[in-house]
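Report on the following structure.
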Amino acid sequence: DAGVTTPFKTASRLVASLAQGQVGCLEDGTYTENVTFTKGGSGANPITLAAAPGAHPVLRGVLTIPDTTDNIAIAGLTMQGPVPVVPPAGMTAPAKSPAVLVRGDHVALRGNDISNPDAACVVLGQSNFGIAKVTVIDGNRIHGCTTGIVGRLAESALIANNFIFD
(Lines give C-alpha, C1' and ligand atoms only; values in the text may rest on other atoms or scores of the structure.)
Protein backbone atom coordinates (compact mmCIF):
# COMPACT_ATOMS: atom_id res chain seq x y z
CA ASP A 1 0.00 0.00 0.00
CA ALA A 2 1.77 3.16 -1.20
CA GLY A 3 2.24 5.67 1.56
CA VAL A 4 2.13 3.11 4.38
CA THR A 5 5.38 1.19 3.94
CA THR A 6 6.99 3.84 1.74
CA PRO A 7 5.92 7.34 2.82
CA PHE A 8 4.98 9.87 0.16
CA LYS A 9 7.62 12.54 -0.40
CA THR A 10 5.12 15.42 -0.61
CA ALA A 11 2.15 16.50 1.47
CA SER A 12 0.16 17.07 -1.75
CA ARG A 13 0.64 13.46 -2.82
CA LEU A 14 -0.43 12.24 0.61
CA VAL A 15 -3.57 14.42 0.58
CA ALA A 16 -4.46 13.26 -2.96
CA SER A 17 -4.26 9.62 -1.84
CA LEU A 18 -6.75 9.97 1.03
CA ALA A 19 -10.37 8.83 0.91
CA GLN A 20 -13.31 9.35 3.27
CA GLY A 21 -12.46 8.45 6.86
CA GLN A 22 -8.72 8.17 6.25
CA VAL A 23 -5.99 9.94 8.21
CA GLY A 24 -2.81 11.00 6.44
CA CYS A 25 0.13 11.54 8.79
CA LEU A 26 3.07 13.77 7.92
CA GLU A 27 6.47 12.77 9.29
CA ASP A 28 9.12 15.21 10.55
CA GLY A 29 10.38 17.56 7.87
CA THR A 30 9.59 20.78 6.05
CA TYR A 31 7.16 20.48 3.15
CA THR A 32 7.59 23.54 0.91
CA GLU A 33 4.55 23.35 -1.35
CA ASN A 34 0.99 24.52 -1.73
CA VAL A 35 -1.52 21.83 -0.74
CA THR A 36 -5.09 21.74 -2.07
CA PHE A 37 -7.68 19.15 -1.07
CA THR A 38 -9.38 17.87 -4.24
CA LYS A 39 -11.92 15.65 -2.49
CA GLY A 40 -13.59 15.60 0.88
CA GLY A 41 -14.87 13.18 3.44
CA SER A 42 -18.38 12.68 4.73
CA GLY A 43 -20.09 13.77 7.94
CA ALA A 44 -18.92 10.89 10.12
CA ASN A 45 -15.82 10.15 8.03
CA PRO A 46 -13.74 13.28 7.39
CA ILE A 47 -10.41 13.25 5.62
CA THR A 48 -7.74 14.17 8.16
CA LEU A 49 -4.25 15.55 7.60
CA ALA A 50 -2.23 15.33 10.82
CA ALA A 51 1.23 15.09 12.27
CA ALA A 52 2.43 11.50 12.71
CA PRO A 53 2.68 10.51 16.39
CA GLY A 54 5.71 12.29 17.86
CA ALA A 55 6.45 14.15 14.62
CA HIS A 56 6.62 17.92 14.08
CA PRO A 57 6.06 18.53 10.35
CA VAL A 58 6.19 22.05 8.91
CA LEU A 59 4.13 23.10 5.87
CA ARG A 60 5.56 26.15 4.05
CA GLY A 61 2.88 27.07 1.54
CA VAL A 62 -0.83 27.72 1.23
CA LEU A 63 -3.22 25.04 2.49
CA THR A 64 -6.47 25.35 0.52
CA ILE A 65 -9.77 23.64 1.21
CA PRO A 66 -11.99 24.58 -1.77
CA ASP A 67 -15.75 25.07 -1.69
CA THR A 68 -16.17 21.70 -3.42
CA THR A 69 -14.29 19.90 -0.63
CA ASP A 70 -16.11 19.33 2.68
CA ASN A 71 -15.48 17.38 5.89
CA ILE A 72 -11.75 18.00 6.31
CA ALA A 73 -9.73 18.02 9.55
CA ILE A 74 -6.21 19.43 9.99
CA ALA A 75 -4.44 18.61 13.27
CA GLY A 76 -1.06 19.04 14.91
CA LEU A 77 0.76 20.74 12.03
CA THR A 78 3.02 23.78 11.89
CA MET A 79 1.85 25.93 8.99
CA GLN A 80 4.05 28.90 8.11
CA GLY A 81 2.39 30.29 4.99
CA PRO A 82 3.95 30.64 1.56
CA VAL A 83 7.54 31.62 0.93
CA PRO A 84 7.58 35.32 -0.05
CA VAL A 85 8.06 36.08 -3.73
CA VAL A 86 11.08 38.30 -4.44
CA PRO A 87 10.24 40.52 -7.41
CA PRO A 88 12.74 41.66 -10.01
CA ALA A 89 14.45 44.99 -9.31
CA GLY A 90 12.04 47.89 -9.61
CA MET A 91 8.94 45.67 -9.42
CA THR A 92 6.47 45.38 -6.55
CA ALA A 93 6.00 42.01 -4.87
CA PRO A 94 2.53 40.47 -5.32
CA ALA A 95 0.26 40.27 -2.28
CA LYS A 96 1.14 37.30 -0.10
CA SER A 97 -1.49 34.58 0.30
CA PRO A 98 -2.89 33.47 3.65
CA ALA A 99 -1.45 30.33 5.24
CA VAL A 100 -4.86 28.58 5.29
CA LEU A 101 -7.81 29.20 2.94
CA VAL A 102 -11.04 27.55 4.11
CA ARG A 103 -13.83 27.62 1.57
CA GLY A 104 -15.34 24.17 2.16
CA ASP A 105 -17.89 23.19 4.80
CA HIS A 106 -17.40 21.22 8.02
CA VAL A 107 -13.68 21.97 8.31
CA ALA A 108 -11.79 21.66 11.60
CA LEU A 109 -8.40 23.17 12.43
CA ARG A 110 -7.25 21.75 15.78
CA GLY A 111 -3.98 21.93 17.66
CA ASN A 112 -1.96 23.59 14.90
CA ASP A 113 0.74 26.27 15.05
CA ILE A 114 -0.09 28.77 12.31
CA SER A 115 2.03 31.78 11.32
CA ASN A 116 2.44 33.87 8.19
CA PRO A 117 4.55 37.05 8.27
CA ASP A 118 3.11 39.94 6.21
CA ALA A 119 -0.26 38.27 5.53
CA ALA A 120 -3.33 36.73 7.19
CA CYS A 121 -3.03 33.35 8.84
CA VAL A 122 -6.52 31.90 8.23
CA VAL A 123 -9.20 33.15 5.82
CA LEU A 124 -12.74 31.75 5.92
CA GLY A 125 -14.70 31.94 2.66
CA GLN A 126 -14.51 34.43 -0.17
CA SER A 127 -17.20 35.83 -2.45
CA ASN A 128 -15.76 34.38 -5.67
CA PHE A 129 -14.85 31.03 -4.11
CA GLY A 130 -17.59 30.06 -1.66
CA ILE A 131 -18.95 30.27 1.86
CA ALA A 132 -17.12 28.45 4.64
CA LYS A 133 -19.90 26.82 6.67
CA VAL A 134 -19.58 25.12 10.07
CA THR A 135 -15.86 25.72 10.56
CA VAL A 136 -14.16 24.84 13.86
CA ILE A 137 -10.90 26.57 14.78
CA ASP A 138 -9.95 25.19 18.18
CA GLY A 139 -6.81 24.95 20.29
CA ASN A 140 -4.41 26.50 17.77
CA ARG A 141 -1.49 28.89 18.21
CA ILE A 142 -1.99 31.65 15.63
CA HIS A 143 0.77 34.24 15.53
CA GLY A 144 3.08 36.43 13.47
CA CYS A 145 0.37 37.38 10.97
CA THR A 146 -1.05 40.71 9.85
CA THR A 147 -4.46 39.29 10.83
CA GLY A 148 -5.05 36.04 12.73
CA ILE A 149 -8.45 34.90 11.41
CA VAL A 150 -10.45 36.68 8.70
CA GLY A 151 -14.09 35.73 8.18
CA ARG A 152 -14.77 37.02 4.66
CA LEU A 153 -17.78 34.81 3.95
CA ALA A 154 -18.54 32.36 6.75
CA GLU A 155 -21.53 30.83 8.52
CA SER A 156 -21.61 29.07 11.89
CA ALA A 157 -17.92 29.24 12.74
CA LEU A 158 -16.70 28.16 16.18
CA ILE A 159 -13.45 29.86 17.15
CA ALA A 160 -12.41 28.79 20.64
CA ASN A 161 -9.45 28.03 22.88
CA ASN A 162 -6.90 29.51 20.48
CA PHE A 163 -3.82 31.49 21.51
CA ILE A 164 -3.64 34.39 19.06
CA PHE A 165 -0.72 36.78 19.42
CA ASP A 166 1.70 38.99 17.51
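It should be emphasised that the depicted structure is a prediction, and the values quoted were computed from it without experimental measurement.
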Identify, with sequence neighbours excluded, every residue that meets side chain to side chain donor-acceptor pair (under 3.5 Å) alongside Ser97.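 For Ser97, no residue satisfies side chain to side chain donor-acceptor pair (under 3.5 Å) once neighbours in sequence are set aside.
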Please identify each residue that fulfils side chain to side chain donor-acceptor pair (under 3.5 Å) with Lys96, with sequence neighbours left out.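 Listed in chain order: Asn116.
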Quick one: does any side-chain atom of Ser12 pair with a main-chain N or O of Asn34 as donor and acceptor, under 3.5 Å?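 Flag set: sc Ser12 to bb Asn34 pair under 3.5 Å.
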So which heavy atom on [X] is nearest to which on [Y], and how close?
X	Y	value
Ala50	Val23	CB-CG1, 4.4 Å
Gly148	Cys121	O-CB, 3.3 Å
Pro82	Pro98	CD-O, 4.0 Å

As an exercise, state the distance from CZ of Phe8 to CG of Leu14, rounded to the nearest 0.5 Å.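 So the CZ of Phe8 and the CG of Leu14 are separated by 6.5 Å.
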Can you tell me which residue pairs pass the ring pair (Phe, Tyr, Trp, His ring centres under 6.0 Å) test with a partner in residues 72-126, sequence neighbours excluded?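 Listed once each, the pairs would be none.
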Candidate pair Leu109 and Val100, rule side-chain contact (heavy atoms from CB on, under 4.5 Å), full reasoning: CA-CA 10 Å; Leu109 302 174; Val100 181; 4.1 Å; yes
A side-chain contact here means heavy atoms from C-beta on lying under 4.5 Å apart; do [X] and [Y] qualify?
X	Y	answer
Leu101	Leu63	no
Val35	Thr64	no
Ile149	Ile142	yes

Would you mind listing every salt bridge (Lys or Arg N to Asp or Glu O under 4.0 Å) that reaches into [range], with sequence neighbours excluded?
range	value
residues 28-51	none
residues 100-125	Asp113-Arg141
residues 53-80	none

With side-chain contact (heavy atoms from CB on, under 4.5 Å) as the test, would you mind laying out the steps for Val102 and Val123 before giving the verdict? CA-CA 6 Å; Val102 177; Val123 173; over 6 Å; no
Taking ring pair (Phe, Tyr, Trp, His ring centres under 6.0 Å) as the test, write out the residues that go with His56, two or more places apart.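 None.
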Please step through side-chain hydrogen bond (donor to acceptor under 3.5 Å, both in side chains) for the pair Gln80 and Ser115, ending with a clear verdict. CA-CA 5 Å; Gln80 297 180 339; Ser115 63; 5.1 Å; no
Scan Val58, Thr10, Leu49, Val15 and name whichever one has a side-chain contact (heavy atoms from CB on, under 4.5 Å) with Leu26.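 The single option meeting the side-chain contact (heavy atoms from CB on, under 4.5 Å) with Leu26 is Leu49.
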When the side chains of residues 153-166 are checked against the rest of the protein, which donor-acceptor pairs come out under 3.5 Å, sequence neighbours left out?
from: Asn161; atom 1: ND2; to: Asp138; atom 2: OD1; distance (Å): 2.9
from: Asn162; atom 1: OD1; to: Gly139; atom 2: N; distance (Å): 3.3
from: Asn162; atom 1: OD1; to: Asn140; atom 2: N; distance (Å): 2.8
from: Asn162; atom 1: OD1; to: Asn140; atom 2: ND2; distance (Å): 3.1
from: Asn162; atom 1: ND2; to: Ile137; atom 2: O; distance (Å): 2.8
from: Asn162; atom 1: ND2; to: Ala160; atom 2: O; distance (Å): 3.1

With sequence neighbours excluded, residues passing side chain to side chain contact (heavy atoms under 4.5 Å, CB included) with [X]:
X	result
Ala52	Cys25, Glu27, Ala55
Pro46	Thr48, Asn71
Thr147	Ala120, Val150
Ala51	Pro57, Leu77

Grouping I, L, V, M, F, W and Y whenever their side-chain heavy atoms are under 4.5 Å apart, do Ile74 and Tyr31 come out in a common cluster?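 Ile74 and Tyr31: one cluster.
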